[in-house]
Amino acid sequence: MEKIIRQAVDRALAELHIEDAPEYVIEKPRDPAHGDLATNVAFLLARTLKKKPALIAGEIAGALKLESAPVERVEVAPNGFINFRISPRWNIELLARVQKEGERYGLSDCLAGKKIVVEFVSSNPTGPLTVGHGRQAVLGDCISSLLEALGAKVCREYYYNDAGNQMNMLGRSLRARYARLFDPAFSFPENGYQGEYLIEIAQAFAAEHGERFRPGSAAEEPGPETMKIFREYAAEKIRRMIDADLKLFKINFDVWSMESRLYSEGKVEELLALLEKRGISYRKDGAVWLAASRFGDSEDRVIVKSSGEPTYFLPDLAYHLVKFERSFDVAINIHGADHHGYAPRMQAGMRALGYPEGWLRYVIHQMVSFIENGEQVRMSTRAGRFVTLADLCREVGVDVARYFFVMRKADSHLVFDLDLARKQSNENPVYYCQYVHARICSLTPTAVEAGFWDGERGRWKEYTPGALTQPEETELIAHLVEFPSLVRTAGEALEPHHIPYYLEELAKKFHSWYQHHRIVVAGEKELSLDRLYLADCVRRVMANGLRLLGITAPEKM
RNA sequence: GCCCUCUUAGCUCAGUUGGAUAGAGCAACAGACUUCUAAUCUGUAGGUCGCGCGUUCGAUUCGCGCAGAGGGCGCCA
């Protein structure tokens with residue numbers, strides 16, 4: 001539609017001998033009273049032509065030839081906008097796509113053929129997922145879904161930092177918990193992992209190994225072999241916990257990458273040699289540094305400590321090179337604001353190695369806080385407040401938790417209102433949307449009873465174009481027609497929060513229509529079938545939208 | 001001290017490349033169910049878009065400065 005109007009405007013400009021036309025916009029005005037589409041072209045020409053925008057607009061409008069296009073009226077606003085009113089027939093034709101495409105309605109192919117890796121959560125295997133991970137988990141999953149909706153082949157990837165100091169600390173913590181089963185006074189390591197889950201793991205360990213690894217005394221240092229056993233036992237158990245949490249949260253990863261494998265496969269060594277060969281790393285104070293400041297970072301960074309151990313950065317950089325070798329067109333990393341300072345460092349590293357600008361994209365989301373009874377809740381194990389993601393899901397349900405985490409723009413802080421989340425009522429936006437789906441599903445028996453079911457399974461008869469003329473109906477149709485472009489906009493911007501807003505608007509328009517007009521009207525078969533057709537379009541779009549968010553569309557509530 | 005993000009109605013937040021009279025939900029107030037699910041609908045009220053300057057036909061949107069909130073500035077991960 002936009003294209004048709006743009007061509008017409010371009011022709012009109014040529015006819016008026018206006019050359020080097022500026023980049024004007026054709027868009028949907030906020031206020032429906034201003035028509036369906038509008039252009040600002042006259043404003044942009046005002047300067048060069050030294051005429052008032054309104055005058056120019058009048059001339060252009062006069063030269064427009066739109067007879068063949070589905071444009072009902074062209075109006076010139078007093079200030080200079082040119083407004084176009086589209087025939088309702090146009091939207092009705094587009095509406096047919098909802099039924100024709102069904103579950104595929106809203107999808108497009110603008111990223112067809114692209115391979116994209118989305119890395120998110122990547123929580124270290126030192127404990128179960130907390131509510132803090134929830135936002136990132138949903139954000140990553142929904143961004144992935146959106147990219148898939150645009151035709152991309154997406155790899156959801158989780159990176160486990162299962163090497164390094166913290167894993168040793170995890171092993172020590174397990175060992176201490178284990179020792180305490182026999183000697184409650186056994187000392188716990190400073191900065192050890194205090195979570196209760198380690199007590200359970202220690203019990204399981206004891207059940208398997210008995211007292212075999214019981215330390216003789218608190219002072220006894222375990223050998224490397226013993227440490228490895230504790231470390232790997234804990235990591236394995238915790239990985240299973242995390243898997244279960246993610247499954248509960250309905251998130252499926254395609255690939256789990258292990259930091260430890262980067263070492264065992266020599267990737268870290270290779271990278272180190274490469275950096276040295278290219279002269280972008282150097283030795284200083286007994287450590288190896290990356291000359292990151294030459295590539296946009298604020299300072300140089302240590303990649304191998306003077307102790308000889310690599311820092312976290314080095315294997316992570318190696319990991320990204322492996323990603324690139326796996327021939328992804330784009331890599332997207334999702335991180336919390338607490339890691340945002342790390343992004344420039346990684347970008348500098350990629351730049352230093354000559355990888356294409358823009359290949360790696362970061363989505364940084366702000367932190368989440370929880371409120372209850374109007375007060376901020378501090379999550380703590382000791383206070384008995386739920387801290388794990390699994391507990392939150394049990395408390396409010398997976399659909400609600402996912403919806404709340406994704407409904408805000410990543411840039412802004414998210415306030416998770418637990419009271420609202422728990423409410424199973426109209427105030428809760430999740431149910432408001434889901435109710436639309438359930439309500440429409442419940443129409444089927446009524447329609448069958450009235451003898452309006454056409455017998456074809458799962459499908460209502462073709463819509464009679466132009467039959468539905470109530471204002472609520474034309475608005476609803478116009479909104480349904482916008483869904484594909486909304487998905488595209490949200491996907492390209494990596495901003496899934498647009499979807500909940502769209503769905504709430506859809507729900508509002510549907511409920512209003514439903515309240516004011518009967519769908520199934522006794523004795524009026526044609527009208528009823530047309531309305532059932534529209535209702536079913538709403539149902540499909542609602543279901544498709546919720547699916548993008550990983551939220552169920554219930555048939556009954 | 002330096003860097004990043006944010007600041008829009010009482011609260012929580014949208015606002016799609018700068019557009020017309022700035023929107024929604026919740027809370028508040030007033031109404032609507034003999035009818036397909038009231039988990040619904042209708043209406044009222046609510047604003048210095050943090051503050052100031054600049055860019056221009058036009059700024060919530062772009063630039064600079066200031067204030068406030070959160071986060072980051074390790075040979076931690």
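Below, chains carry the letters A, B, ... as their sequence lines are ordered, and counting in each starts from 1. Computed from a predicted model, the values in this text were never measured in an experiment.
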Quick test of your reading of the model: are A:Lys509 and A:Glu472 salt-bridged, counting only N-O distances below 4.0 Å?
no
Test of understanding: with ring pair (Phe, Tyr, Trp, His ring centres under 6.0 Å), list the residues that count as partners of A:His413, not counting sequence neighbours.
none
Mind checking what makes ring pair (Phe, Tyr, Trp, His ring centres under 6.0 Å) contact with A:His340, not counting sequence neighbours?
none
Does a side-chain N or O of A:His365 approach OP1 or OP2 of B:rG71 to a distance below 4.0 Å, or not?
no
Side chain of A:Glu427 only, please: which of B:rU42, B:rA14, B:rC26 is the nearest?
B:rC26
Tell me, for nucleotides 2-8 of chain B in 5' to 3' order, what letter each nucleotide earns: B for a base near a protein heavy atom under 4.0 Å, S for only sugar-phosphate near one, - for neither?
--BSS--
Whole-Å distance, A:Met557 CE to B:rA38 P, equals 13 Å
Figure out the CD/P separation between A:Gln515 and B:rC33, and round it to whole Å.
11 Å
Look at all strands and tell whether [X] reaches a base, only sugar-phosphate, or nothing, counting heavy atoms closer than 4.0 Å.
X	result
A:Asp162	nothing
A:Asp417	nothing
A:Glu299	sugar-phosphate
A:Tyr342	base
A:Ala38	base
A:Asp285	base
A:Thr311	sugar-phosphate
A:Ala490	nothing
A:Tyr431	base
A:His335	nothing

Tell me whether the centres of the aromatic rings in A:Tyr24 and A:Phe43 are closer together than 6.0 Å.
no
Near-ring test A:Tyr502/A:His479, centroid separation under 6.0 angstrom:
yes
Hits for side-chain hydrogen bond (donor to acceptor under 3.5 Å, both in side chains) against A:Ser145, two or more places apart or cross-chain, chain-then-number order -> A:Arg156
Using atom names, set out every protein N or O paired with an N or O of nucleotides 21-23 of chain B below 3.5 Å, distance rounded to 0.1 Å.
none

Taking [M] as the reference, what is the distance to [N] when you measure between their [atom1] atoms (whole Å, please)?
N	M	atom1	value
B:rG58	B:rU5	C1'	28 Å
B:rG63	B:rC4	P	12 Å
B:rC6	B:rU61	P	13 Å
B:rA28	B:rC64	C1'	41 Å

Indicate the ring-plane relationship of [X] and [Y], choosing parallel, tilted or perpendicular according to the 30° and 60° boundaries.
X	Y	result
A:Phe510	A:Tyr514	tilted
A:Tyr160	A:Trp256	parallel
A:Tyr159	A:Tyr319	parallel

Under 5.5 Å and under 30°: A:Phe81 stacked on B:rA20
yes
For RNA chain B, what are the stems built from at least three Watson-Crick or G-U pairs in a row, each pair having both distances below 3.5 Å?
B:1-7 with B:67-73, B:10-13 with B:23-26, B:28-32 with B:40-44, B:50-54 with B:62-66
Step through the shown structure and confirm whether more than 12 heavy atoms of other residues, nucleotides or ligands are within 6.0 Å of CD on A:Glu555.
no
A:Asn83 (side chain) and B:rA20 (base): donor-acceptor pair under 3.5 Å:
yes
